[in-house]
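Everything numeric here is computed off the predicted structure, so don't read it as measured data.
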Amino acid sequence: MKNKIQTIVYDFFVNSSDFNGIPLRNISQKLNIEYEASIDLIKELVIEDIVSIQSSTNPHIIGFQHYPIESQLTILEEAKKIKEVIHSFGDFKISSENTEFPICLYPSKIFLSKNRTLAEFGNACYTQQLALGEPHLKPIFFEIEVLDRYSNDPRFDFKFEDYSGRISCRYDENEKPIVRDEDDIFLKTFGLGFDDNGNRLAVVYLRYLKDLTTEHQIYWKSREKSGHCKMLEEYHQNTIQGNWSSSYSIFSGFIGEQKCINDLTELIFSKALFRKTFEEENRPKEFTFFFTPTLKNYNDFILLLDKMISENINKDFFEGKVELFEYKELGNGLVEKQSKGTLQIFEEWLTSVFNVEGDGSISELFKPLKKIRRERQNPAHRISENQYDLKFTDKQKQIISDAYSVFRNLRNIFHQHPKAKSFEIPNWLENGKIKTF
């Protein structure tokens with residue numbers, strides 16, 4: 001009878017579509033034996049490390065771990081008290097267990113390693129791991145550069161929101177993939193992690209890696225990261241605990257502050273300071289941290305940031321408020337009329353209308369924005385060889401942090417205006433956790 005149970009459990013797992021376990025009560029029903037007696041036989045198979053159990057709200061996959069044998073025996077003994085409940089809906093009947101934590105049976109990892117052949121999975125390394133009983137929600141860590149292959153290729157639909165994302169291939173107007181079969185992939189979710197040195201990593205649960213083609217599984221395997229790695233708390237909260245995170249990225253904070261400034265200036269002066277603002281759903285795809293710390297990626301980010309700031313300032317806002325041109329003497333009585341830069345105009349106007357104690361406070365406020373402008377102009381005037389250096393990650397963190405702080409201070413300045421007394425700052429922006437992931 002034990003051999004029959006062993007075969008039923010093994011065959012169910014091997015033939016299932018998603019490496020699933022067989023419900024506990026199915027054993028007694030299939031063999032036409034008493035439920036309690038089947039549990040005693042299963043306990044013997046657990047002791048022999050032939051069968052393993054899962055007991056949770058979703059025991060139909062091996063979630064996080066295989067329980068110690070003693071824990072399994074305790075759970076099985078308690079399971080003798082579980083009763084079957086039959087629900088009738090007209091001619092239909094549905095069976096369920098009167099427990100919050102039903103039980104499913106699996107072949108043990110040791111039994112699978114000795115008895116299961118993997119030829120059917122070819123070189124799909126992560127599918128093989130699931131076939132050998134590895135937990136579906138086991139986090140696998142990768143060098144963050146693994147994502148560049150997808151983020152830079154327009155044939156892939158790459159979505160990333162600061163600490164989580166997904167990847168799929170794109171389809172044509174006939175709903176056919178525009179990539180070759182080997183690239184027809186879908187990665188439902190990936191997240192952000194870190195190594196011991198604080199370097200960013202990509203993290204994917206094992207069950208989602210099996211949805212990659214064999215070629216892409218091999219590619220991800222080549223970028224796998226060993227050692228002590230940890231998952232970002234917000235990603236764990238969202239994907240495992242099912243909770244909304246109360247943290248926001250500094251990129252979200254920046255566009256939130258910019259929109260707030262625009263709403264305030266529209267309210268106070270009937271004209272918005274910036275020509276365009278962004279919502280989360282339409283913010284530039286590249287407005288996040290870059291995956292590979294290269295000079296090119298850093299320069300591209302600076303270019304985007306400057307477009308969102310200095311090139312985005314609405315000169316019409318300052319008409320009649322401050323002189324938009326300056327005059328440069330060329331000699332021989334000749335004078336050239338030159339347009340002032342948007343940051344210069346903004347600084348001159350704000351200095352003239354906002355009084356602060358001491359000297360130079362407004363000037364200090366604009367220094368980070370001027371730095372971004374200079375950083376953008378440097379690559380524009382010279383040809384530089386691309387470089388890989390971790391320092392670019394730190395430089396990006398610093399420059400977006402400084403820009404966010406400037407915008408937060410500007411928002412506070414405008415909020416002090418008498419006409420802005422009734423304006424409510426969004427709570428997430430005022431009191432939320434703004435983090436540099």
Output field: ring centroids F190/Y150 closer than 6.0 Å: no
Ignoring hydrogens and angles, tell me if any N or O in the side chain of H66 forms a donor-acceptor pair with the backbone of G133 under 3.5 Å. yes
Determine whether a donor-acceptor pair (N or O, by modelled atom type, separation under 3.5 Å) exists between the side chain of N20 and the backbone of H60. yes
Is there a donor-acceptor pair under 3.5 Å between the side chain of R170 and the backbone N or O of P154? yes
For D402 and Q398, which I'm curious about, is there any donor-acceptor pair between the side chains at under 3.5 Å? yes
Before we go on, tell me: are the rings of F346 and F366 under 6.0 Å apart, centre to centre? yes
Over 60° means perpendicular and under 30° means parallel, so tell me whether F414 and W349 are parallel, tilted or perpendicular. parallel
Side chain R376, main chain K307, donor-acceptor under 3.5 Å: no
Could you tell me whether the side chain of N197 and the main chain of N199 form a donor-acceptor pair under 3.5 Å? no
So is K225 actually on top of F141's ring, under 6.0 Å and inside 45° of the axis? no
Side-chain heavy-atom pair E97, P23 within 4.5 angstrom cut-off: no
Between F423 and H417, ring centroids under 6.0 Å: no
Can you see whether T288 engages D162 through a side-chain donor-acceptor pair at a distance of less than 3.5 angstrom? yes
Classify the ring geometry of F251 against F287: parallel below 30°, tilted from 30° to 60°, perpendicular beyond 60°. perpendicular
What about the rings of F160 and F289, do their centers lie closer together than 6.0 Å? yes
Under 3.5 Å: donor-acceptor pair, side chain of N174, backbone of K176: no
Is the closest side-chain donor-acceptor distance between S310 and D306 under 3.5 Å? yes
Take the angle between the ring planes of Y235 and Y163 and call it parallel below 30°, perpendicular above 60°, tilted in between. perpendicular
Quick check for you: to the nearest 0.5 Å, what is the distance between I69 atom CD1 and I53 atom CD1? 11.0 Å
Using modelled atom types and a 3.5 Å cut-off, is there a donor and acceptor pairing between side-chain atoms of Y404 and backbone atoms of I434? no
